[in-house]
Amino acid sequence: MGDTQTSSKDKEVKAKESKDKGFGKEEFRAGGDVSKSKKVQRNSTLGNTEGAEKEGKGISRKKKEKLTKRENPDADLEDFVRAAQIQVKVEPEEEDFCINKKDKVKKRLREQEEPGGSLLESAKKKKKVKMEVEEAEQEPEKQRKKKKESKVKKAKKEQEGRPVSAREGGKHKKSKEEVEAAKALKIKKKEEEELQRWRWWEEEKYEDGIKWKFLEHRGPWFPAEYQRLPDNVKFYYDGKLVTLSSAAEEVAVFFAQMLDHEYTTKEVFRNNFFSDWRKEMTLEEKMIITDLNKCDFSEIYKMHKEKVEARKNQGKEEKQKTKDANQKLLEEYGYCTLDHHRERIGNFKIEPPGLFRGRGDHPKQGMLKKRIQPEDVIINCSKDSKIPQPPLGHQWKEVRCDNTVTWLASWTENVQGLCKYVMLNANSKLKGEKDWEKYEIARKLKSCVETIRTQYQADLKSKQMGIRQRAVALYFIDKLALRAGNEKEEGETADTVGCCSLRVEHISLHPELDGEKYVVEFDFLGKDCIRYYNKVPVEKAVFKNLKLFMEDKQPGDDLFDRLNTAMLNKHLHSLMAGLTAKVFRTYNASITLQQQLKELTNALDNIPEKILSYNRANRAVAILCNHQRAPPKTFEQSMANLQAKIDNRKEQLSLAKKELKQAKKDAKDHADDKLLANVFMLHAKETVDKCPWKMNCISLQMLNRTANCQLTSCSCMALLYSNRPTAVRECRKMEVSLEKIYNKTQRDKFAWAIDMTESDFVF
DNA sequence: AAAGAGACTTGGAACAATTTTA
DNA sequence: TAAAATTGTTCCAAGTCTCTTT
């Protein structure tokens with residue numbers, strides 16, 4: 001059967017594209033609230049065929065209430081000091097006030113090996129000198145040039161570090177030299193970046209489990225303490241003025257800021273918020289404020305609105321100022337040193353307090369996400385590194401040196417009691433290596449997927465119920481790229497499912513539907529409460545099995561009552577080292593991308609067409625993986641605009657055609673004025689020639705967008721799943737410049753793939 | 001085994017920057 | 001030249017899967 005696998009998938013993809021349009025998440029959720037007589041029955045032993053239902057879940061969960069709330073009278077002062085530090089410290093790596101000898105040794109070592117890093121500043125200066133000599137050639141695409149020009153300004157500003165006001169007088173067009181120089185500078189910068197890139201993929205890997213040998217960083221950045229509302233902004237309860245305490249006020253502001261959001265209309269959200277808010281109130285406040293509906297946040301809301309507006313209308317200078325401040329922050333906190341290389345940190349900012357925004361019908365939405373203090377944070381770094389200083393007057397919860405993990409700092413969040421981590425950026429070695437590994441495993445799966453398929457085909461007829469269930473689940477995971485579906489604590493999160501946690505209510509069986517036999521209709525909420533709706537014809541054996549699994553069960557019972565992800569993955573492990581359910585998603589996405597590309601692209605196509613093909617292929621992947629996005633509010637309008645453009649072109653075309661005719665005639669008639677007539681003719685001809693091409697481009701764009709509307713567009717998401725090496729390879733082969741498909745960040749992230757991929761790479 | 005803790009990937013929404021359009 | 005549209009980035013919730021404890 002393995003052969004039917006892929007071709008039928010293609011059909012599905014196409015069919016789906018045309019079918020289920022217009023399923024907003026909203027309308028769907030309304031119906032999704034079915035009775036939940038949740039998972040109780042689960043036979044623990046796989047080997048056992050029938051009988052012995054065990055009472056499954058103890059729903060006792062340790063509640064960890066941590067009281068971290070503390071009044072901090074020194075907050076303002078501290079803030080000020082911190083700000084001052086930022087202002088004064090130009091060199092982020094100032095070592096004078098650190099007397100750590102070991103550290104110095106390290107430092108020297110680093111400087112030898114890595115000329116960039118902390119020496120960046122001086123490097124920049126050198127650049128400036130050099131750039132005059134540099135030529136601006138070797139820029140292949142005009143389209144890129146355009147982009148550059150706009151960036152030139154920025155680059156210059158950054159380089160010269162002069163105050164913005166200096167620009168005021170220079171509104172005139174830039175002189176040629178200036179432009180050239182800036183261009184050269186950009187090229188230089190790019191080269192340098194490339195030179196500085198850590199080509200870790202050419203190095204040897206560390207022994208098992210070790211993630212790094214040296215790690216030094218500045219510690220995470222903490223958001224500023226809460227600032228009281230100005231005196232003229234008041235809060236009223238039941239029409240009467242109430243002056244809130246600082247803690248209560250802060251939480252009230254969180255709510256007020258969200259008043260525009262649908263969240264604040266939801267019952268659960270309001271209740272959770274109100275009860276958490278009351279916990280922050282003083283006794284008196286608690287006595288007075290007993291009903292959320294009587295609270296009047298309008299003045300706070302108004303102030304917030306004004307603030308947002310003001311920020312939008314900020315002058316150039318102010319905007320630049322905030323930008324610079326952010327840049328400084330990034331320079332100071334955004335990087336770490338990992339094994340002699342400077343690596344960007346992904347999220348160096350501690351999450352600010354606020355109201356929890358769970359997705360879908362999350363039972364905890366609206367709860368207060370408390371402010372994280374240094375006392376909550378565990379720092380992870382090398383013993384021999386410069387240990388990060390906690391903010392003034394604070395302590396870290398712990399400093400540990402664990403080089404078997406990749407995080408730099410962690411804390412436990414109070415709403416769900418989960419760990420949060422500060423980790424490196426996607427373009428870092430640690431992330432890249434993992435990514436690479438992922439694709440290697442997926443490739444390995446390619447070599448044995450047929451065996452696995454044969455195996456689960458056979459298992460469909462097993463005598464043991466558990467094995468049959470496993471086989472059907474695997475069939476779904478392989479064919480439909482469903483997620484594994486771990487069990488979740490009931491009532492702690494929104495009710496979403498994956499393959500193993502599917503319930504009877506989520507599928508319906510149609511022996512025949514729309515001319516196809518054995519159709520299974522899926523309808524459930526997956527990750528992030530995104531609806532999965534699909535009608536799939538399946539094999540007879542699968543169909544029969546499903547019927548069997550559903551016998552004597554309530555809608556809320558588990559479809560695969562003898563199966564869970566642990567068992568499934570254990571089985572997969574036995575089939576191939578490193579294989580888990582997730583790998584099938586990667587694998588199928590990759591293989592689909594490759595197939596689609598092969599099918600869709602034609603080496604003779606022009607660039608826009610090639611890109612369209614690429615996007616189409618990506619879309620196929622997105623459909624497979626059920627990646628969706630709320631349609632942009634502006635979609636209709638933007639489509640209409642494009643249509644108008646096409647109409648416009650059409651008109652132009654017919655007009656130009658007429659002109660051409662006329663011109664030809666003129667040329668004949670007035671032999672004397674031939675030159676002029678010729679010019680007319682040429683011009684008209686040009687328009688006629690160009691128009692179809694341009695029209696084509698626009699309609700391609702339109703097509704692209706229509707399809708993208710319901711799906712994740714622009715390579716972004718699909719990219720995450722689809723095989724990067726595959727895509728990179730395809731670009732090479734087809735001579736589409738990578739820049740057109742991947743943006744800078746993405747190229748950065750996949751530097752390893754770009755570098756390693758030869759144009760004959762096959763996934 | 002079952003539950004729990006921990007670590008790390010995934011992926012949509014919100015926000016910010018940039019480009020296009022009117 | 002401002003507004004609208006598009007594209008890129010950040011944020012952080014929600015998964016997967018492994019390892020440890022009970």
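Letters A, B, ... are given to chains in the order of the sequence lines, protein chains preceding strands, and every chain is numbered from 1.
Residue A/Trp436 contributes atom CH2, which lies 19 Å from atom P of B/dC8 at whole-angstrom precision. The distance between atom OH of A/Tyr532 and atom P of B/dG11, rounded to the nearest whole Å, is 14 Å. What separates NZ of A/Lys319 from P of B/dT18 is a distance of 11 Å, to the nearest Å. In this entry the distance linking CZ of A/Arg311 with C1' of B/dA16 reads 10 Å, nearest Å. Protein atom CZ of A/Phe356 is 15 Å distant from nucleotide atom P of B/dA13, rounded to whole Å. Separating the CZ atom of A/Arg344 from the C1' atom of C/dC11 is a distance of 13 Å, rounded to the nearest angstrom. Going from atom CG of A/Asp435 over to atom P of B/dT9 covers 8 Å, rounded to whole Å. Atom NZ of A/Lys431 and atom P of B/dT10 are 10 Å apart (whole Å).
No contact: A/Lys570 has no heavy atom under 4.0 Å from any strand. As judged by a 4.0 angstrom heavy-atom cut-off over every strand, A/Lys211 is placed among residues touching the sugar-phosphate backbone only.
In this structure, A/Arg357 and A/Val405 both approach DNA chain B, and ranking their closest nucleotides by distance from the 5' end singles out A/Val405.
Between A/Arg400 and B/dG6 there is no side-chain N or O to OP1 or OP2 distance below 4.0 Å. Contact check, A/Arg359 against B/dA14: no side-chain N or O comes under 4.0 Å of OP1 or OP2. Taking only side-chain nitrogens and oxygens, A/His261 never comes nearer than 4.0 Å to OP1 or OP2 of B/dA13. Within the structure, a side-chain polar atom (N or O) of A/Gln416 is placed less than 4.0 Å from OP1 or OP2 of C/dA14.
Note that A/Lys431 lies outside the cation-pi zone of A/Trp407, set by a 6.0 Å cut-off to the ring centre and a 45° limit from the axis.
The side chain of A/Lys434 approaches B/dT9 more closely than any other nucleotide in the set C/dC12, B/dA17, B/dT9. In this structure, the nucleotide among C/dA13, B/dG6, C/dC11 sitting nearest to the side chain of A/Lys349 is C/dC11.
Note: A/Tyr532 and A/Phe522 have perpendicular aromatic rings, judged against thresholds of 30 and 60 degrees for the angle between ring planes.
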### Task
Dump the intermediate steps for ring pair (Phe, Tyr, Trp, His ring centres under 6.0 Å) on A/Phe254 and A/Phe273, then the final yes or no.
CA-CA 10 Å; A/Phe254 293 151; A/Phe273 158 72; 9.1 Å; no
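Residues A/Lys369 and A/Glu351 are paired through a salt bridge, judged by an N-O separation under 4.0 Å between the basic side chain and the carboxylate. Salt-bridge formation is not detected for the pair A/Asp495/A/Lys488: no Lys NZ or Arg NE/NH1/NH2 atom is positioned less than 4.0 Å from an Asp or Glu carboxylate oxygen.
Residues meeting the ring pair (Phe, Tyr, Trp, His ring centres under 6.0 Å) test with A/His217, sequence neighbours left out: none.
With ring centers used as reference points, A/Phe524 lies 6.0 Å or more from A/Tyr533.
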### Query
Can you give one letter per nucleotide of nucleotides 15-20 of chain C, 5' to 3': B if a protein heavy atom sits under 4.0 Å from the base, S if only from the sugar-phosphate, - if neither?
SBBS--
